[in-house]
Asks: 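Before anything else, here's the structure in question.
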Protein chains: 2
Amino acid sequence: MDSSSIINIHSLSRACNECQLQDLCLPLGLSRGDIDRLDQIVNRRRPLQRGSTLFNQGDRFQSLYAVRSGSVKSYSTSDEGDEQINAFHLPGEILGLDAIGSGTYPLSIVALETTSICELPYERLHQLAHEVDGLQRQLLRVMSRELNSDEQFMRLLANRNADERFASFLLNLASRYEARGYSGQAFNLSMSRSDIANYLGLAVETVSRLFTRFQQEGMIRVQRKSISLIDRDRLNALCNLNPLGRNPAKNQL
Amino acid sequence: MDSSSIINIHSLSRACNECQLQDLCLPLGLSRGDIDRLDQIVNRRRPLQRGSTLFNQGDRFQSLYAVRSGSVKSYSTSDEGDEQINAFHLPGEILGLDAIGSGTYPLSIVALETTSICELPYERLHQLAHEVDGLQRQLLRVMSRELNSDEQFMRLLANRNADERFASFLLNLASRYEARGYSGQAFNLSMSRSDIANYLGLAVETVSRLFTRFQQEGMIRVQRKSISLIDRDRLNALCNLNPLGRNPAKNQL
DNA sequence: CGGCAATTTGACCGGTCTCAAAGTGTGTGG
DNA sequence: CCACACACTTTGAGACCGGTCAAATTGCCG
């Protein structure tokens with residue numbers, strides 16, 4: 001164990017039990033005692049600075065990670081060197097689950113702002129999950145939920161237009177912030193316009209125009225990174241109704 | 001247990017150990033003995049006819065399922081009744097993993113042709129995974145790999161054009177057939193054009209034109225459902241090279 | 001204050017969707 | 001076993017959303 005990467009053990013000990021993210025993170029559903037056991041295998045690492053990398057696509061898989069505070073983006077790089085952002089991760093979310101199958105991280109993780117991370121060495125976690133039934137359950141639940149959100153996102157990309165994608169993006173962030181006890185009405189976008197565009201499968205220019213137009217139409221108020229959702233009903237309507245949706249597809253088989 | 005839904009117990013007993021899909025399915029990595037234990041909880045159900053439903057979006061989650069032969073599509077239905085196809089599943093693939101987190105299937109499954117399915121009651125499977133370490137590992141691996149393929153598919157939808165999507169689709173099917181011991185050079189498409197279009201986020205007309213054009217250009221030969229991949233190198237080139245790709249994105253953060 | 005990256009705005013273009021209609025197969029019932 | 005109906009697929013013509021290219025503007029940070 002690399003002690004240089006662990007900070008201030010004392011003040012953080014028993015951290016999971018005191019962490020406000022318990023209900024979103026791996027400890028959910030565990031007893032205090034079991035959480036203590038989990039705590040013993042968690043490494044708390046020195047915070048990542050904006051722009052620094054947690055791990056790179058292709059690195060050997062050894063640990064899962066949990067975002068503790070801040071935010072990161074995960075992306076893959078193609079042979080030609082272009083990036084595709086896969087997700088933005090907020091506190092309480094687990095990173096690296098997609099590496100279990102191959103033993104290699106398929107994505108790179110970079111901090112969007114100063115970010116604290118908990119490290120969960122996989123072999124020890126797996127061992128503990130074997131002993132603590134609730135942990136095994138929660139691990140599977142977390143992965144399953146990630147499959148779910150991927151499915152929803154695939155749906156977004158497959159048949160939503162730019163307006164719908166953008167509205168969904170904003171509301172999704174809002175509800176995730178709310179689940180973490182922050183305001184979903186006003187928050188900061190830690191990612192750049194170009195990150196948003198890349199993530200949503202749009203051009204930067206299109207995203208920029210969306211910010212402008214949505215503000216003109218009174219749905220949001222933006223000032224650089226800071227955004228307020230003024231008319232969430234209208235944003236919601238944009239996501240749910242799909243009047244011009246492609247492929248109305250009754251799909252009679 | 002509903003005995004009417006189980007056929008010919010005798011001839012299928014110890015089926016996992018004799019199943020050629022072992023290496024793709026849950027038993028991978030288990031000893032013969034452990035596979036026997038797995039076998040004891042697997043229910044083999046009467047084959048699904050083309051067009052019939054295994055389970056519906058919203059049904060209560062109780063079991064995972066494995067495709068034994070044939071193929072199915074999974075799709076979600078929006079409030080407005082339009083469908084979005086999420087995936088096509090071939091033999092050896094596990095269905096329902098995305099329901100573990102919520103206790104409810106988020107997708108419906110319908111057979112594209114006559115299809116045999118193995119049922120894996122989740123609670124019993126979970127219990128067995130607790131006892132058989134290799135099973136727990138394999139379950140996590142299978143889910144992780146699904147996350148991976150979802151990520152790749154998201155990438156496809158986010159920044160590939162129609163040609164690239166279609167070529168990827170064909171090659172993906174080909175390699176999956178090959179992994180199952182079938183020819184990847186010539187096979188049958190069990191799904192309709194409109195299913196393909198819906199899945200790829202394209203219009204039916206576009207897909208139809210792709211079939212026509214790819215054939216004219218000598219990359220494939222199609223006759224209704226049957227397809228041969230004549231020039232896989234060229235198809236591959238379409239997927240990998242992305243000369244006109246959107247968002248070349250250096251993404252300097 | 002100066003330079004550079006990020007963002008915004010404008011003009012134009014093209015790929016893919018939409019609408020429309022013809023063509024092809026398949027399954028059912030007489 | 002044939003005929004008809006219906007669903008699926010193909011083909012064509014035109015429109016539009018969102019991408020590309022170009023340039024101006026803004027903000028950040030040394």
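Small disclaimer: the values here were computed from a predicted structure and weren't measured. So that the names make sense, note that chain A is the first sequence line, chain B the second, and so on, each numbered from 1.
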Asks: Taking NZ from Lys225(B) and C1' from dC8(D), how many angstroms apart are they, rounded to a whole number?
Replies: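 My rounded result for the distance is 8 Å.
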Asks: How many Å lie between CZ on Phe214(B) and P on dT11(D), as a whole number?
Replies: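 One finds 15 Å between P of dT11(D) and CZ of Phe214(B), rounded.
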Asks: Of all the nucleotides listed (dT8(C), dT16(C), dT10(D)), which has the minimum atom distance to the side chain of Asn161(B)?
Replies: dT16(C)
Asks: Rounded to whole Å, please give me the gap between CD in Gln223(A) and P in dT26(D).
Replies: 14 Å
Asks: Quick one about Glu83(A) and Asn198(A) (side-chain donor to acceptor, distance below 3.5 Å, no hydrogens or angles considered), yes or no?
Replies: no
Asks: For Ser192(B) and dA7(D), is the shortest distance between a side-chain N/O and OP1 or OP2 below 4.0 Å?
Replies: no
Asks: Any side-chain N or O of Arg224(B) under 4.0 Å from OP1/OP2 of dG25(C)?
Replies: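 Answer is no, no contact under 4.0 Å.
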Asks: Where does the angle between the aromatic ring planes of Tyr105(B) and Tyr65(B) fall among parallel (under 30°), tilted (30 to 60°) and perpendicular (over 60°)?
Replies: tilted
Asks: How many whole angstroms separate atom CZ of Arg50(B) from atom C1' of dG27(C)?
Replies: 11 Å
Asks: Once you round it to whole Å, what is the distance between C1' of dC8(D) and CG of Asn198(B)?
Replies: 15 Å
Asks: Please tell me which of Met191(B) and Arg209(B) maps to the more 5' nucleotide of DNA chain D, matching each residue to the nucleotide holding its nearest heavy atom.
Replies: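 This one resolves to Met191(B).
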Asks: With a 4.0 Å cut-off on N to O distance, would you call Arg232(B) and Glu178(B) a salt bridge?
Replies: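 Result for this pair is yes, salt bridge flagged.
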Asks: In whole Å, what is the span from the CG atom of Leu202(B) to the C1' atom of dT18(C)?
Replies: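 Rounded to the whole Å, the gap is 14 Å.
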Asks: Is the cationic atom of Arg193(A) (NZ for Lys, CZ for Arg) positioned less than 6.0 Å from the six-membered ring centroid of Phe211(A) and within 45 degrees of its normal?
Replies: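 Arg193(A) over Phe211(A) ring: yes.
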Asks: How close do Gly184(B) and Leu229(B) get, counting heavy atoms only, and between which atoms?
Replies: O-CD1, 3.7 Å
Asks: Expressed in angstrom and rounded to an integer, what is the separation of Glu205(B) atom CD from dT10(D) atom P?
Replies: 11 Å
Asks: Between dT10(D), dT16(C), dT20(D), which one does the side chain of Thr212(B) approach most closely?
Replies: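 In terms of side-chain proximity for Thr212(B), the closest of dT10(D), dT16(C), dT20(D) is dT10(D).
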Asks: Mind calculating the distance between CZ (Arg213(B)) and C1' (dT9(D)) to the nearest angstrom?
Replies: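 That distance rounds to 17 Å.
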Asks: For Thr206(A) and dG19(D), is the shortest distance between a side-chain N/O and OP1 or OP2 below 4.0 Å?
Replies: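 Yes, Thr206(A) has a side-chain N/O under 4.0 Å of OP1/OP2 on dG19(D).
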Asks: For a quick test of reading the model: is some side-chain N or O of Ser194(B) closer than 4.0 Å to OP1 or OP2 of dT9(D)?
Replies: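 No.
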